[in-house]
Amino acid sequence: MPAYARIFTLILATAVCVELTACRTESLGPRKRRPAPAWTLKDLQGKPVSSAEFRGKVVLLNFWADWCAPCRAEIPGLVALQEKFAEQGLVVVGVSVGGTSTTALARFVREARINYPVLIADDKMQAAFGGARPIPMTFVIDREGGIVVRHTGLMTAAQLEALIAPLLDR
């Protein structure tokens, strides 16, 4: 594909992503809180990773794609949160829904210096999380395995920290 076609495709994909990602946060209080669906996905090396591995942790589950500009903009904040709060029990998990080849995705993960697990989404998991569209879409899962926040759209590190800090104190 010529360079101009790749650039046009990236601009078009970004425009669609921005158009579809009107930000919306849904906080699920004790009455609306529901258990997060169990899942098993493959990481970039093809190794299966299960939600059960994160039991007892606060999980920030981020559905994203490497071609989505708002998704890319979130990554430095997610990296910083993982680094800052890992010892307190936070695990950021990136779930790629972009259809990018594993090789290209692994290269992007290295270049972006992503320090958290990146997994490849499948249709079953996306359906279990309500379609996981539009992206970026982030779920905050408490230590007991319940979804406490569902957010659609770009979030800053400060916004994310405000959501997870009370859960890490427990």
Side-chain angles (χ1 to χ4, degrees), residues 14 17-18 21-30 32-45 47-98 100 102 104-121 125-126 129 132 134-170:
T14 300
C17 186
V18 169
T21 57
C23 293
R24 190 177 83 229
T25 300
E26 180 185 1
S27 293
L28 306 174
K32 292 173 79 176
R33 182 182 166 273
R34 67 183 192 276
W39 49 265
T40 299
L41 297 174
K42 291 187 178 175
D43 67 11
L44 299 177
Q45 290 74 41
K47 177 185 158 220
V49 177
S50 167
S51 55
E53 296 177 35
F54 306 113
R55 199 168 286 138
K57 305 271 188 185
V58 173
V59 178
L60 205 155
L61 190 65
N62 180 254
F63 290 85
W64 68 290
D66 63 334
W67 48 259
C68 169
C71 301
R72 292 172 74 125
E74 276 186 332
I75 290 172
L78 295 170
V79 167
L81 289 171
Q82 178 63 45
E83 187 173 307
K84 183 175 181 179
F85 295 110
E87 289 184 17
Q88 291 176 265
L90 174 69
V91 177
V92 176
V93 178
V95 181
S96 174
V97 298
T100 303
T102 305
L105 190 56
R107 185 175 335 112
F108 176 80
V109 166
R110 278 191 309 278
E111 290 170 1
R113 298 189 174 164
I114 294 176
N115 60 351
Y116 51 85
V118 173
L119 310 175
I120 309 300
M125 185 204 193
Q126 289 183 72
F129 281 88
I135 54 173
M137 182 174 288
T138 303
F139 293 84
V140 178
I141 302 168
D142 65 17
R143 293 181 191 276
E144 291 77 40
I147 297 173
V148 294
V149 174
R150 175 185 179 188
H151 180 85
T152 304
L154 177 65
M155 292 186 83
T156 66
Q159 290 170 315
L160 288 163
E161 186 171 340
L163 293 174
I164 63 170
L167 301 172
L168 294 170
D169 289 341
R170 295 183 201 163

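What's counted below: heavy atoms across the whole structure, side chains too, no hydrogens, waters or symmetry copies.
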Heavy-atom closest pair (Gly77 atom, Ala157 atom, distance to 0.1 Å) is CA-CB, 3.7 Å
Note to self: Using ring centroids (six-membered ring only for Trp), state whether Trp64 and Phe108 fall under 6.0 Å.
What the structure shows: yes
Here the pair of heavy atoms bringing Thr40 nearest to Pro48 is CG2-CB, 3.9 Å
When Val92, Leu78, Val149 are each screened for side chain to side chain contact (heavy atoms under 4.5 Å, CB included) with Leu160, the one that passes is Leu78
task: Carefully, step by step, assess Asn115 and Glu83 under the rule side chain to side chain contact (heavy atoms under 4.5 Å, CB included).
output: CA-CA 8 Å; Asn115 60 351; Glu83 187 173 307; 3.9 Å; yes
When rounded to the nearest 0.5 Å, the distance separating CG of Leu61 from CD1 of Ile141 is 5.0 Å
- Query: side chain to side chain contact (heavy atoms under 4.5 Å, CB included) between Trp39 and Leu119: does it pass, once the steps are laid out?
  - Reply: CA-CA 11 Å; Trp39 49 265; Leu119 310 175; 3.5 Å; yes
Here the gap from His151 atom NE2 to Met137 atom CE, rounded to the nearest 0.5 Å, amounts to 9.5 Å
Q) Are the side chain of Arg72 and the backbone of Asp66 linked by a donor-acceptor contact shorter than 3.5 Å? A) yes
- Message: For Phe63 and Thr152: C-alpha separation, side-chain torsions, deciding distance, then whether side chain to side chain contact (heavy atoms under 4.5 Å, CB included) applies.
- Response: CA-CA 10 Å; Phe63 290 85; Thr152 304; over 6 Å; no
What do the steps show when you test Glu161 against Leu81 for side chain to side chain contact (heavy atoms under 4.5 Å, CB included), and what is the final call?
CA-CA 7 Å; Glu161 186 171 340; Leu81 289 171; 3.9 Å; yes
Whether Gln88 side chain and Phe85 backbone form a donor-acceptor pair below 3.5 Å: no
TODO: With the side chain counted from C-beta on, respond yes when Val49 and Leu41 share a heavy-atom pair under 4.5 Å apart, and no when they do not.
DONE: no
OG1 (Thr102) and CG (Leu44) are apart, to the nearest 0.5 Å, by 6.5 Å
- Message: Please determine whether the number of non-hydrogen atoms from other residues, nucleotides or ligands lying under 6.0 Å from atom CD of Glu53 exceeds 12.
- Response: yes
Side chains of Trp67 and Ile135 in contact at under 4.5 Å (non-hydrogen atoms): yes
One should read off an interatomic distance between Gln159 CD and Ile164 CD1, to the nearest 0.5 angstrom, of 12.5 Å
